[in-house]
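As the structure lists them, so they are numbered: ligands from 1, and atoms in each ligand from 1. The first residue in the sequence is number 1, and the count goes up from there.
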Amino acid sequence: MTDKIPVTVLTGYLGAGKTTLLNRILTEQHGKKYAVIVNEFGEIGIDNELVVGADEEVFEMNNGCICCTVRGDLIRILDGLMKRKGKFDAIIVETTGLADPAPVAQTFFMDQDVSDAARLDAVVTVADAKWLSDRLKDAPEAKNQIAFADVIILNKIDLVSPQELDEVEGRIRAINPYAKVHRTQNCAIPITDVLDRKAFDLDRIIEIEPSFLEEGHHHHHDEEMQSVSVHLDGEVDPEKFMPWISNLTQVEGPNILRCKGIVAFPDEPKRFVFQGVHMILDGDVQGEWKPGEKHTSKVVFIGRDLNEKAIREGFLACAA
Ligand SMILES: Nc1nc2c(ncn2[C@@H]2O[C@H](COP(=O)(O)OP(=O)(O)OP(=O)(O)O)[C@@H](O)[C@H]2O)c(=O)[nH]1
């Protein structure tokens, strides 16, 4: 048991702050070596490029949600990591914001090779203090993620009043009275509160969902959720791109749960990276393009009722 590799499953709804937390963990002086598995909903990988840290190996799984189609992928990557045991102190799996954590956690108990070599240390859920209450009403995944958490990072406390914060924590407590809740801004939390918690308690999970250990476990999915990703084989003109993205998120904000992108501007040595949650956009230049690297641009939108054609044409029209 003790020499099994601890695995932390990092979950939380779209845009809650999972990558922010991951980057915090990886940049802290911990002297440990982590393998990171990132899964995102969308065709073009962006999250892996946003994860900092030179020493970590990042394994990416695309085209599907970790809890459904790519679970085989997860097992394959974990098997590969197990064979290199001793090289990693721990494994961190960052799931897409739409993943139901139950089947992910299930993998560590159902697959013999995986369960022989790894132990699920904890399910850590990042919750968005501003949007969680709304998502609990319309997104079953958000509820499951809270229900399955061992540790809950109630993040973005800067965006709500103390009263709203107490309310949202009350909702969390109503769903999951067991998890340790930490209130944070930008996921600022000591690493020891997140990793190596030995917090995953199978008995408790079975109590919540008695069918947890049965194959063919039923899980909830939001059928209306879709993703649109667009790749532009070159640079974009900031004079066209900035008004386009800001207008799109203002108009379509309620439907766009999440957007992100990495784009190249002419004469700019760094990549412009932006992210948004509904109509809140955040972007900055970061990370220089490598010498000889082709300057390309890509954007991903996740949401409901997205007009794929308009988004695709709109972005491509921003070409420099
Ligand atoms: N105001 C505020 N913004 C935050 C805070 N934490 C993170 N953000 C911002 O919220 C956005 C989403 O953060 P991410 O860490 O990318 O969220 P995520 O959960 O990894 O997103 P997905 O991978 O798309 O599901 C980014 O623009 C962050 O800078 C916070 O405490 N307060």
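Those atoms of ligand 1 that come under 4.0 Å of a heavy atom in Glu94, given as number and element, are 20 (O), 23 (O). Against a heavy-atom cut-off of under 4.0 Å, Gln185 is close to the following atoms of ligand 1: 31 (O).
For Arg183 and Asp166, the salt-bridge test passes: some basic side-chain N is under 4.0 Å from an acidic carboxylate O. Using a 4.0 Å cut-off between charged side-chain N and carboxylate O, Arg135 and Glu141 make no salt bridge. Ion pairing between Asp233 and Lys294 holds under the 4.0 Å rule for side-chain N and carboxylate O. A salt bridge links Asp121 with Arg119; the closest basic N to acidic carboxylate O contact falls under 4.0 Å.
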* To do: Show your reasoning for whether side chain to side chain contact (heavy atoms under 4.5 Å, CB included) applies to Trp289 and Arg271.
  => CA-CA 6 Å; Trp289 293 99; Arg271 307 178 303 167; 3.3 Å; yes
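Ranked by closest heavy atom to atom 2 (C) of ligand 1, the top entry among Asp158, Asn155, Leu154, Ile157 is Asp158. Across Thr20, Val126, Leu159, heavy-atom proximity to atom 28 (C) of ligand 1 is greatest for Thr20. Counting only non-hydrogen atoms, the option in Lys130, Arg183, Lys156 that gets closest to atom 3 (N) of ligand 1 is Lys156.
Heavy-atom separations between Asn186 and ligand 1 include at least one value shorter than 4.0 Å. Taking a 4.0 Å cut-off on heavy atoms, Ala16 registers as neighbouring ligand 1. In this structure, Cys187 does not count as a contact residue of ligand 1, since none of its heavy atoms falls inside 4.0 Å of the ligand.
Here the two rings, on Phe274 and Phe241, have centers that are under 6.0 Å apart.
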